[in-house]
Every structure is written in structure tokens, then in C-alpha cells.
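All heavy atoms count here, side chains included; hydrogens, waters and symmetry mates do not.
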Amino acid sequence: MRPFRQIVNKEEGNFKEGTSWDDIYDLYRFDRKFRLLIFDAIERIEVALRTQIVYQLGRKHGAHWQDKSELFKVVCYVDKKTGERRTYCLYNELQNHIDGVWTDTSCCDSFKRYSRKYSDPKNPPSWICMELMYFNELSKICKYLSDRQDVVGIAEYFGIQSEKVFCSWLHAINYVRNICAHHARLWNIRLSIQPEKFSYKGEDKIWLSNEEVDTIQSSRIYYFLCVILYLLQTVNPNSKFRKHFFDLLEEYPNIDVGYMGFPKNWREHPLWKK
């Protein structure tokens, strides 16, 4: 309801004149359908990311790379609440996740088939194990690989020359994915986890100009949508994401996309016209 209230001395006042319950409910319905649209796009990116992780790491480190501890960094950090020094090891997290499948009485069919035929190595190959991983863990794999060249190869597949930018994009996508999964408000939030600014130097993909990247608000959902559109050029070039988004705005014409960080004349940008 807040976008429909008057602001008086930085405090919320009465509703703006002419506001109806239908206006408020339409905004709620828009946000719900908007989250579903974003979730669908993220699903396609997630499948492509999992595929590239399995393919590229498997080609370099073998079919069971997830069981090689030396491929993952151990990170030391200070606990913000207690001030204690701690360590984090993604390898242990992945192994615990896989072990949890073995102890689950409803163990997935692919694990059962593997165990009937093989006893060594204990765990199935990566293309089976990675099917169990959530987007969060796929993102962490890219972040905590010891050899950063492994990440560079995956990032370059998606047209990103910086592994630092790539990992920040994955982190932000996982954050927004969780918002969608838990049915929280998305359309006009300020992102707590923001995708880093990116300057594209190639010619085969459409992206924002350097001036646009400098002036855009990465905390707003507009920049996140641009990130999604950029990745979909690789993942699903024939995606109808733009059309579905335009259809959604047509269905709810009173939505003010300015609250989402959209600049003027955004519809004329090549990223949205393609």
C-alpha cells in the first residue's frame, strides 16, 4: 500500500486521492506474476550454469571432481556476531549434501542405480551429484574454486570476461531467486545483494553502454533485469522474456516502472527491442 500513500514530513500519511482497493490489489497481482516471470528465466540460467560447471570441470579434472578437496579453497573469516575466527570449506558442504542423499530412504533413482553397479568411487560422477545442488551451491562452486582459471572458463561461456563480476551476478541471482521462492515483494525493492557493474567489450552481444552502466542504479530491479537479458542471449537466444514482460505491463498499465529504476525511453534500448 505504501506507494499509494502521501508522504508528509517523511512520514506516511493518508492515501493519495483517487486510490482504490483495486489499484492496490493489481499491484500485488503484478508483483506475483512478475516473480513467476523472473523465476522462469532464472531456471533456464540455472540449468545452463549446472551444465557448464559439470562439463568444464569434468573435462579438466575428471568425472568425480566434486570429491577432490584440493579443487576448493578453505576460507578464514571473522564471525560478525562472536568475533571468533572461523573457517569455511565448500568441499565439506558439498560432501555433506551428497552424504545426506545416501542416508535418505527416498534416495534419488540415479544414486540407487549407481550403487547397484559400482562400489568405487563411493559417490556418483559429477553430472549426477550436481543435479542435487541448489543454485546457491552452484554459485559457491564458482566462488570457491582454487584455480580461478576454472571460473574464467565458465564465465566466458556466458560472455563475461571478469570472474569477479560473474560471481557477483550469480550471488545476486541466487538472492532474487530466494525472494521469488518465498513470495516476497520484488518489483520495487532495493537489492541488498547487487550485481556488480559490467562493461562489455565484445561485439556479438547486446549490453548497456559504459555511460549507462555508470549512471544506472544497480540496487534497483531494472539493472537486474538487464543482467537476465544479457545472460539469456547465451542461454536461450529465442527467449520470450521481453514479450512476456511487455504483456505484463500492458495487463497492468498503472504500474510505475520508475519505482523499479527504469530510465526514460528504456523501451527503445536495443537490449529491450531485440
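Contact annotation: the side chain of Asn254 never approaches that of Asp26 to less than 4.5 Å [non-hydrogen atoms, C-beta and beyond]. Between His244 and Leu248 the shortest side-chain heavy-atom distance does not fall below 4.5 Å. In this structure, Asp150 and Gln56 have side chains that are not in contact, with every pair of non-hydrogen atoms separated by 4.5 Å or more. The shortest distance between side-chain heavy atoms of Tyr157 and Val235 does not fall below 4.5 Å. In this structure, Val257 and Tyr222 have side chains that are not in contact, with every pair of non-hydrogen atoms separated by 4.5 Å or more. With contacts defined as side-chain heavy-atom distances shorter than 4.5 Å, the pair Asn174/Asn178 qualifies. Between Ile173 and Leu231, the closest side-chain pair of non-hydrogen atoms falls below 4.5 Å. No side-chain heavy atom of Arg148 sits less than 4.5 Å from a side-chain heavy atom of Cys142.
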Could you check Tyr88 against Glu93 for side-chain hydrogen bond (donor to acceptor under 3.5 Å, both in side chains), going step by step and ending with a plain yes or no? CA-CA 9 Å; Tyr88 172 75; Glu93 182 175 316; 2.5 Å; yes

Output, in order, the C-alpha distance, side-chain angles, deciding distance and verdict of side-chain hydrogen bond (donor to acceptor under 3.5 Å, both in side chains) for Thr234 and Lys205. CA-CA 9 Å; Thr234 297; Lys205 296 183 186 299; 2.6 Å; yes

Check the pair Lys33 / Glu251 against salt bridge (charged side-chain N to carboxylate O under 4.0 Å, His left out), numbers first and verdict last. CA-CA 11 Å; Lys33 294 178 181 180; Glu251 183 179 1; 2.6 Å; yes

Hey, mind stepping through Ser218 and Gln194 against side-chain hydrogen bond (donor to acceptor under 3.5 Å, both in side chains) and telling me if it holds? CA-CA 6 Å; Ser218 59; Gln194 304 167 20; 2.9 Å; yes

Could you please spell out the steps behind the side-chain contact (heavy atoms from CB on, under 4.5 Å) verdict for Val74 and Tyr91? CA-CA 8 Å; Val74 177; Tyr91 169 77; over 6 Å; no

Which is it for Ile98 and Cys129 under the side-chain contact (heavy atoms from CB on, under 4.5 Å) test, yes or no, and what are the steps along the way? CA-CA 7 Å; Ile98 295 170; Cys129 291; 3.8 Å; yes

Lys240 and Asp247: CA distance, side-chain angles, deciding distance, salt bridge (charged side-chain N to carboxylate O under 4.0 Å, His left out) verdict: CA-CA 11 Å; Lys240 294 183 179 180; Asp247 289 346; over 6 Å; no

side-chain hydrogen bond (donor to acceptor under 3.5 Å, both in side chains) between Ser20 and Asp23, worked out: CA-CA 5 Å; Ser20 69; Asp23 294 331; 3.2 Å; yes

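At most 12 heavy atoms of other shown residues, nucleotides or ligands fall within 6.0 angstrom of atom NZ in Lys164. The local environment of NZ in Lys60 is crowded, with over 12 non-hydrogen atoms from other residues, nucleotides or ligands closer than 6.0 Å. Within 6.0 Å of NZ on Lys143 lie no more than 12 heavy atoms contributed by other residues, nucleotides or ligands. When the shell of 6.0 Å around OH of Tyr134 is examined, it contains 12 or fewer heavy atoms from other residues, nucleotides or ligands. More than 12 heavy-atom neighbours from other residues, nucleotides or ligands sit within 6.0 angstrom of NE2 on His61. The 12-atom threshold is not exceeded at OH of Tyr25, counting heavy atoms of other residues, nucleotides or ligands nearer than 6.0 Å.
In this structure a side-chain-to-backbone donor-acceptor pair under 3.5 Å is present from His97 to Leu132. A donor-acceptor pair is defined here as one N or O able to donate and one able to accept, closer than 3.5 Å; such a pair exists between the side chain of Lys197 and the backbone of Ile216. Within the 3.5 Å criterion, the main-chain N or O of Cys76 finds no donor-acceptor partner in the side chain of Arg86. Panel note: side chain His64, backbone Asn123; a donor-acceptor pair is recorded below 3.5 Å. Distance alone, capped at 3.5 Å, is enough to place a donor-acceptor pair between the Glu212 side chain and the Ser209 backbone. Checked by atom type and distance alone, the side chain of His269 pairs as donor or acceptor with a backbone atom of Leu271 at under 3.5 Å. When atom types are taken as modelled, the side chain of Ser219 and the backbone of Leu191 share no donor-acceptor pair closer than 3.5 angstrom. Side-chain atoms of Gln66 come within 3.5 Å of backbone N or O of Pro124 as a donor-acceptor pair. Distance alone, capped at 3.5 Å, places no donor-acceptor pair between the Asp79 side chain and the Glu84 backbone. For Asn236 (side chain) and Leu232 (main-chain N/O), no donor-acceptor pair under 3.5 Å exists by modelled atom type.
Summarising the geometry of Trp207 relative to Cys226, their closest heavy-atom pair is CZ3-O, 3.3 Å, with the distance given to 0.1 Å. Among all heavy-atom pairs drawn from Met133 and Leu138, the shortest one is CB-CD2, 4.0 Å. Contact record, Ser239 with Phe241: OG-N, 3.1 Å, taken as the closest heavy-atom pair. Scanning both residues, Val78 and Gly83, for their nearest heavy atoms gives CG1-O, 3.6 Å. The minimum heavy-atom distance between Arg220 and Asn188, with the atom names listed, is NH1-O, 2.8 Å. Lys112 approaches Ser115 most closely through the heavy-atom pair O-OG, 2.9 Å.
Aromatic pair Trp187/Phe262: ring centres not closer than 6.0 Å. Between Trp127 and Tyr55, the distance separating the two ring centers is not shorter than 6.0 angstrom.
Linking ILVMFWY side-chain heavy atoms closer than 4.5 Å, directly or via other members, places Val152 and Phe198 in two distinct hydrophobic clusters. Under the 4.5 Å side-chain heavy-atom criterion for grouping Ile, Leu, Val, Met, Phe, Trp and Tyr, Trp266 is connected to Val213 within one hydrophobic cluster. Cluster annotation: Ile128 is not connected to Val47 through the hydrophobic network of ILVMFWY side chains, with a link wherever side-chain heavy atoms come within less than 4.5 Å. In this structure, Ile193 is a member of the same hydrophobic cluster as Tyr144, with clusters built from ILVMFWY side-chain heavy atoms closer than 4.5 Å. The cluster map of Ile, Leu, Val, Met, Phe, Trp and Tyr, joined by side-chain heavy atoms under 4.5 Å apart, puts Ile160 and Tyr200 in the same cluster.
One side chain, Asp67 or Gln95, offers a donor N or O that lies under 3.5 Å from an acceptor on the other.
Arg177 forms no cation-pi arrangement with Phe135, by the criterion of a distance under 6.0 Å to the ring centre and an angle within 45° of the ring axis.
Note: Tyr252 and Phe30 have perpendicular aromatic rings, judged against thresholds of 30 and 60 degrees for the angle between ring planes. Classified by interplanar angle (parallel below 30°, tilted 30° to 60°, perpendicular above 60°), the ring pair Tyr223/Trp169 is perpendicular. Between Phe245 and Trp272, the ring planes lie tilted relative to each other; the angle falls in the 30° to 60° range.
Partners of Phe158 according to the ring pair (Phe, Tyr, Trp, His ring centres under 6.0 Å) rule, which considers only residues two or more places apart in sequence or in another chain, are Phe166.
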